[in-house]
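This report refers to the structure that appears directly beneath it.
Because the structure is predicted, anything quoted here is derived from the model rather than measured. Naming: A, B, ... by sequence-line order, numbering from 1 per chain.
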2 protein chains.
Amino acid sequence: MVKVQSIDRAFLLLQELAKKSGGISDLSRRSGLPTSTVARLLSALEESEVIERIDDGYEYKLGPRILQMASQSNKGENLLAIARPHMVSLVDQLFENTGLSISSGYEVQYVGQVNCANPVQIRDWTGTRLPMHVVPSGLVILAHWPKKAVQSFLDRKLDRYTPNTVVNKAEIIKRLEKIKEDRFCWCLEEFSEGINSIASPLFAENGNVMGALHVHGPSYRFPSDSMKKIVANLLVSQAEKMCKELKHK
Amino acid sequence: MVKVQSIDRAFLLLQELAKKSGGISDLSRRSGLPTSTVARLLSALEESEVIERIDDGYEYKLGPRILQMASQSNKGENLLAIARPHMVSLVDQLFENTGLSISSGYEVQYVGQVNCANPVQIRDWTGTRLPMHVVPSGLVILAHWPKKAVQSFLDRKLDRYTPNTVVNKAEIIKRLEKIKEDRFCWCLEEFSEGINSIASPLFAENGNVMGALHVHGPSYRFPSDSMKKIVANLLVSQAEKMCKELKHK
DNA sequence: AATTCGTTTCCCACTATATGGGAAGAACTT
DNA sequence: AAGTTCTTCCCATATAGTGGGAAACGAATT
């Protein structure tokens, strides 16, 4: 795989800017690149209208071009935009954080989250990527992949994240079958101790899984025994609603 | 302003990909760049996880990284996501297309649109940029700028788009005062003959205007005399609602 | 199976192009 | 007004990007 230095660096800077806006020397420190190089790259990015200055000053931030590209990236419709009301509704009903992830290679990428009011809550995972077998979002995606694809997923080293992580291949395959029927998957402290979560798949127009909606909370309170079934039902039906919306848009 | 060739070209390709996914030679034709160059650039972009292959094949599309950056571009909250339900609600009430734009320099950039069911409708402007004085979205933004900024905006050549376009500076200043009071602005065929539209401003947490919500339709039916006031009221109150949501998020 | 067409991928010599140190100039701070 | 911390500019250097062309690959056709 080929690299192009300036492009690599450009996106390194964009990534930094996504975290937090800043000036040239600030970004130079954060990224470890020489100031003059940062100055040139930022200037080029500004030229392309990907970033812009805050109040015409010396600080840069991501520009509208990013939003525009994002809004066109899924057949002109923005996944995040469609997802958000559904996520808000889930948070209102379940009082735990809700997230959105999409599949990317053999990993899930978290692209959005809506938080609950409770001061004790799971941190925002937006931007992180995780292997599919350690999170329910990943497992529900896998469950709807063709057998061959699943096979090649499993033909690699599967990392263990906690004592609960399932890394046994036969076990995973069996689990996936159940998930495909259920349309949801619980993971109890399989990715990180103290976190439980549940996910339900999202399908694109063509019928392929594209991502997942999930709800997660601290394991001491989520899910309470009495709520387990209710949570699953709510999540699944919300995800289904969202898919319908995705279809005729 | 400095340019960096590879970055320029990278975003040229991304822009093409945003329009439509495609393979190397396809993009080479569309962009006018040599195939080997396109291959290298795409490979670098893939490496940076900005684009990815469709079904592991030879076609590329924008990847999740774009979405992720977009979702973090406005203080971790996605403008499009918050806006969408409000836009949908307006469409449901007014039966005309609704759009979202943000300010960028001396121009407005259209970043989102929700369409009505009516077969006769305004085309999707998403992605285009227009000078502020020819569209109501731009005018409502200008109206909330500091005087000095407005002055330097006006100290440039103002293009006329239709016979109705207002390019007289004194006239514009007077108009802006009215708009600031009203919180909305109608433009009747000032940008394009056959299109009427109305916009209301959106404010960021710090109180600055960041963009606008607008509704537009074919001039033969929109706005009907009886609806003019109602439309304005609905739009303004929806925009205000959305601003509140933007604030405590 | 064999041929063709349209891909992508690889290679490599070339020099255009990005690089980064340092100086000069602008902005804030004290 | 002097000091500090920025951004911007310049320029010699060689690295890193470039693009032509060949090879490899895949799909489609006969």
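Among the protein residues, B:S6 comes within range of the sugar-phosphate backbone only, with heavy atoms under 4.0 Å from sugar or phosphate atoms but none that close to a base. At the heavy-atom level, B:S36 lies under 4.0 Å from base atoms of the strands shown.
Taking atom C1' in both D:dT13 and D:dG17, the straight-line distance is 16 Å, to the nearest Å. Taking atom P on both nucleotides, C:dT29 is separated from C:dG25 by 23 Å, rounded to a whole Å. On the P atoms, C:dA26 is 22 Å away from C:dG22, given to the nearest whole Å.
The aromatic rings of B:H144 and B:F203 sit perpendicular to each other, their planes meeting at more than 60°, with 30° as the lower class boundary.
Heavy-atom nearest nucleotides on DNA chain D were determined for A:I7 and for A:G22, and the one closer to the 5' end corresponds to A:G22. Nearest-nucleotide assignment on DNA chain D puts the 5′-proximal partner with A:R53, out of A:R53 and B:R9.
Atom CG in B:L33 sits roughly 11 Å away from atom C1' in D:dG19 (whole-Å rounding). In this structure, the OH atom of B:Y58 is 15 Å from the C1' atom of D:dA28, given to the nearest Å. Here the P atom of nucleotide D:dT7 and the CD1 atom of A:I51 are 12 Å apart, to the nearest Å. As a whole-Å value, the separation of B:L45 CG from D:dG17 C1' is 14 Å. In this entry the distance linking CG of A:L41 with P of D:dA16 reads 13 Å, nearest Å. Rounded to an integer number of Å, the gap from A:Q5 CD to D:dA14 C1' is 12 Å. What separates CG of A:D26 from C1' of D:dC6 is a distance of 11 Å, to the nearest Å.
Side chains of A:S6 and B:S6: a donor-acceptor N/O pair is present below 3.5 angstrom, by distance only. The closest side-chain donor-acceptor pair between B:R65 and A:Q15 falls under 3.5 angstrom. Between the side chains of B:H133 and B:E190, no donor-acceptor pair is found at a separation under 3.5 Å.
Nearest approach of B:D8 to A:S48, heavy atoms of both residues: OD1-OG, 3.4 Å.
For A:S25, the side-chain atoms get nearest to D:dT7 when compared with the rest of D:dG21, D:dT7, D:dT8.
Salt bridge annotation for B:R53-B:E59: absent, with no cationic side-chain nitrogen under 4.0 angstrom from a carboxylate oxygen.
Of all nucleotides in DNA chain C, those with any atom nearer than 4.0 Å to a heavy atom of chain A start and finish, going 5' to 3', at C:dA18 to C:dA27.
At the phosphate of D:dG19, neither OP1 nor OP2 sits under 4.0 Å from any side-chain N or O atom of B:R40.
A cation-pi arrangement is absent between A:R9 and A:F11 under the rule of less than 6.0 angstrom and at most 45 degrees off the ring axis.
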